Amino acid sequence: MSVEDSEMAEALQNYVPGTDEEKKLLRKIDLRLMPILWVMYILNYVDRTNIGNAKIAGMSKDLKLDDSRYAWGLSIFFIGYLIMEVPSNMILSRSRPSLFLPAIMLVWGALSAAMASIHNYGSLLAFRFVLGCVESGFFPGVLYLLSCWYKPAEIGKRFAIFYSAAVLSGAFGGLLAGAITGNLAGAHGIAAWRWLFIIEGVATVGVAVIAKFILLDFPSTSPALTLEERQLATIRLLAVGMESGSNDPNNRLTHWQAFKAAVCDYRTFLFMLLFVLDVGAGTISYFIPTITVTLGYKTITAQYMTIPVYVVATVCLNIAAYSADRFQERRWHITAALTVGFIASLVCCIVTTPVVRYAMLCFVAAGIWTALPLILAWTSGTINLPAEKRAICLAMVNAVGNLSSVYGSRIWPSKTAPKYTLGWGVTAGFLGGAAVLAAVIPIILKACPHHVTEAERLLQERKEAMGIQAQTAEE
């Protein structure tokens with residue numbers, strides 16, 4: 001056993017949770033991670049979904065987009081996203097997050113701004129595909145980074161705070177789109193929707209540069225922490241059965257071993273299915289501006305009327321996440337949120353009164369986006385060791401989940417307007433199925449032990465031999 005391992009084992013044995021030093025460290029971690037990641041994710045989601053705002057601001061007419069072409073413009077983004085997400089997390093687990101995450105943000109911001117130059121359908125497809133490839137590394141990368149810094153009892157509300165940026169980006173995007181399309185239409189001979197891409201893309205590039213100087217790396221390697229802080233950050237996770245990754249090649253899984261461990265664990269696919277159903281319902285985000293238009297609002301007003309939808313969802317999301325962390329419970333919080341969305345979707349299928357539909361739209365959004373970060377926190381807490389396997393599992397769940405957007409973008413064709421019975425019906429089906437699955441997952445986990453690969457077993461034995469094996473985490 002090395003001197004470092006001996007010191008780590010002794011520190012783990014002497015670790016006392018909840019000390020003033022740990023609370024001070026946690027505040028420091030929060031300040032270095034949460035605000036900047038929140039802003040980065042707002043811009044990530046705005047750059048991804050602003051195509052919906054651009055559509056009703058004149059892009060469809062200028063590029064001659066019918067329903068099929070617009071759906072492909074949405075879908076091809078997620079094809080690139082799926083292809084690159086797992087490789088991206090593999091790279092992140094061996095690199096510095098403070099460099100990797102800002103770098104990909106700078107590239108996607110530049111691409112988003114450059115989309116203002118497109119003049120035909122083919123260019124739209126090309127830009128959206130490459131944008132998907134580049135953006136794919138951000139969300140799962142942040143999930144993995146947060147899981148390397150926070151305990152299971154801490155991570156749910158922080159996932160929720162982070163994900164609330166995606167939800168609020170709809171409100172922010174609607175507010176910004178309304179301001180741009182209302183005030184910059186035709187300025188300098190440039191169409192309003194082109195200004196939308198330019199302004200939001202340039203803002204993303206600026207934040208990417210700033211983020212490089214704020215973000216932390218991993219607990220054992222972050223230069224922003226003192227040696228004592230790095231040790232405490234590592235020990236506090238080991239004490240609850242989590243890992244923050246390792247620089248020692250003999251003390252971690254290779255990329256292939258981690259991928260094999262994730263694929264051979266049936267729990268990966270169980271959570272993947274749950275996430276697929278919820279994200280499939282979440283494709284409504286691309287059509288909320290269009291839906292508000294069918295409720296009788298004019299284009300600019302419709303942009304602003306998307307804001308309350310996202311605000312309600314954000315409030316519900318954070319209340320549920322705080323409760324889930326406080327009571328250390330995921331199953332029924334997720335089931336309840338999905339059930340609310342399911343019921344609201346059914347009401348929208350039946351009732352056509354604009355006021356009722358708008359109110360129910362708020363509850364559908366709240367149900368969908370409250371469940372999403374809790375599902376990911378549940379996944380991270382259940383498939384928690386080794387850290388490299390956790391990174392691949394989170395990437396796989398998120399990648400395949402987002403693939404549902406390829407077909408989800410086709411359930412709201414304009415020919416079904418203004419009732420959109422198909423869209424509401426499919427959304428209700430997704431949310432109802434997800435609610436049932438969330439309720440039975442703990443039963444399945446208890447009845448069916450998961451497979452442990454040979455590489456995982458050997459790694460665990462090496463750690464036990466070194467005396468630094470963490471306590472077994474509760475599922």
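Predicted model only: the values in this text are computed from it and were never measured.
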Quick one: closest heavy-atom pair of [X] and [Y], and the distance?
X: A261; Y: L253; result: CB-CD1, 4.5 Å
X: D47; Y: S112; result: OD1-OG, 3.4 Å
X: W193; Y: A57; result: CD1-O, 4.0 Å
X: F197; Y: A116; result: CB-N, 4.0 Å
X: S147; Y: R390; result: OG-NE, 2.9 Å
X: A438; Y: I334; result: CB-CG2, 3.9 Å

### Message
Holding to ring pair (Phe, Tyr, Trp, His ring centres under 6.0 Å), I want the full list of residues that pass it with Y81, two or more places apart in sequence or in another chain.
### Response
F77
Find the distance between [atom1] ([X]) and [atom2] ([Y]) and round it off to the nearest 0.5 Å.
X: F218; Y: R94; atom1: CZ; atom2: CZ; answer: 9.5 Å
X: I210; Y: M105; atom1: CD1; atom2: CE; answer: 9.0 Å
X: M396; Y: N398; atom1: CE; atom2: CG; answer: 12.0 Å
X: I198; Y: M115; atom1: CD1; atom2: CE; answer: 12.0 Å
X: I155; Y: C148; atom1: CD1; atom2: SG; answer: 8.5 Å
X: L232; Y: K24; atom1: CG; atom2: NZ; answer: 11.5 Å

Would you check if [X] and [Y] make a side-chain contact, meaning some heavy-atom pair closer than 4.5 Å?
X: L431; Y: S345; answer: yes
X: F162; Y: P373; answer: no
X: L124; Y: Y70; answer: no
X: R331; Y: I441; answer: no
X: I104; Y: E135; answer: no
X: V263; Y: T268; answer: no
X: W378; Y: F275; answer: no
X: L131; Y: R128; answer: yes

I'd like to know if the side chain of [X] reaches the main chain of [Y], judged simply by a donor and an acceptor atom lying under 3.5 Å from each other, with no hydrogens or angles considered.
X: D67; Y: S414; answer: yes
X: T427; Y: G423; answer: yes
X: N53; Y: A177; answer: no
X: S123; Y: H119; answer: no
X: N89; Y: E85; answer: no
X: S164; Y: I161; answer: yes
X: D278; Y: L372; answer: yes
X: S136; Y: C133; answer: yes
X: S380; Y: A377; answer: no

### Task
Evaluate whether atom OH of Y322 has more than 12 neighbouring non-hydrogen atoms of other residues, nucleotides or ligands under 6.0 angstrom away.
no
### Message
Counting only heavy atoms from other residues, nucleotides and ligands, does the tally under 6.0 Å from NZ of K260 exceed 12?
### Response
no
### Query
In terms of side-chain heavy atoms, does T234 have a donor or acceptor partner in Q231 at a distance below 3.5 Å?
no
### Polar contact flag, side-chain donor to acceptor under 3.5 angstrom, W108-N44
no
Assess whether a salt bridge exists between [X] and [Y], defined as any Lys/Arg side-chain N lying under 4.0 Å from an Asp/Glu carboxylate O.
X: R330; Y: D325; result: yes
X: D30; Y: R158; result: yes
X: R457; Y: E454; result: yes

### Task
Using the salt bridge (Lys or Arg N to Asp or Glu O under 4.0 Å) rule, pick out the option among R236, R27, K28 that qualifies with E229.
K28
### Check against side chain to side chain contact (heavy atoms under 4.5 Å, CB included), F271 and C393
CA-CA 9 Å; F271 286 108; C393 286; over 6 Å; no
### Query
Can you check whether W72 and Y121 have ring centres sitting under 6.0 Å from each other?
no
### Message
I'd like to know whether E200 forms a side chain to side chain contact (heavy atoms under 4.5 Å, CB included) with L43, so could you lay out the CA-CA distance, the side-chain angles of the two residues, the decisive distance to 0.1 Å, and finally the verdict.
### Response
CA-CA 7 Å; E200 293 175 354; L43 294 172; 5.9 Å; no
#### Entry: Test side chain to side chain contact (heavy atoms under 4.5 Å, CB included) applied to W149 and R32, step by step
CA-CA 11 Å; W149 283 98; R32 294 296 295 256; over 6 Å; no
When the side chains of residues 363-370 are checked against the rest of the protein, which donor-acceptor pairs come out under 3.5 Å, sequence neighbours left out?
| from | atom 1 | to | atom 2 | distance (Å) |
| --- | --- | --- | --- | --- |
| T370 | OG1 | L317 | N | 3.4 |
| T370 | OG1 | A366 | O | 2.6 |

### Those residues that, when tested against V107, pass side chain to side chain contact (heavy atoms under 4.5 Å, CB included) (two or more places apart)
L111, V134
### Query
So S222 and R230, side chain to side chain donor-acceptor pair (under 3.5 Å) or not? Walk me through it.
CA-CA 7 Å; S222 187; R230 289 198 296 270; over 6 Å; no
### Task
May I have the step-by-step check of side chain to side chain contact (heavy atoms under 4.5 Å, CB included) for L215 and R96, ending in yes or no?
CA-CA 10 Å; L215 283 176; R96 293 183 58 189; over 6 Å; no
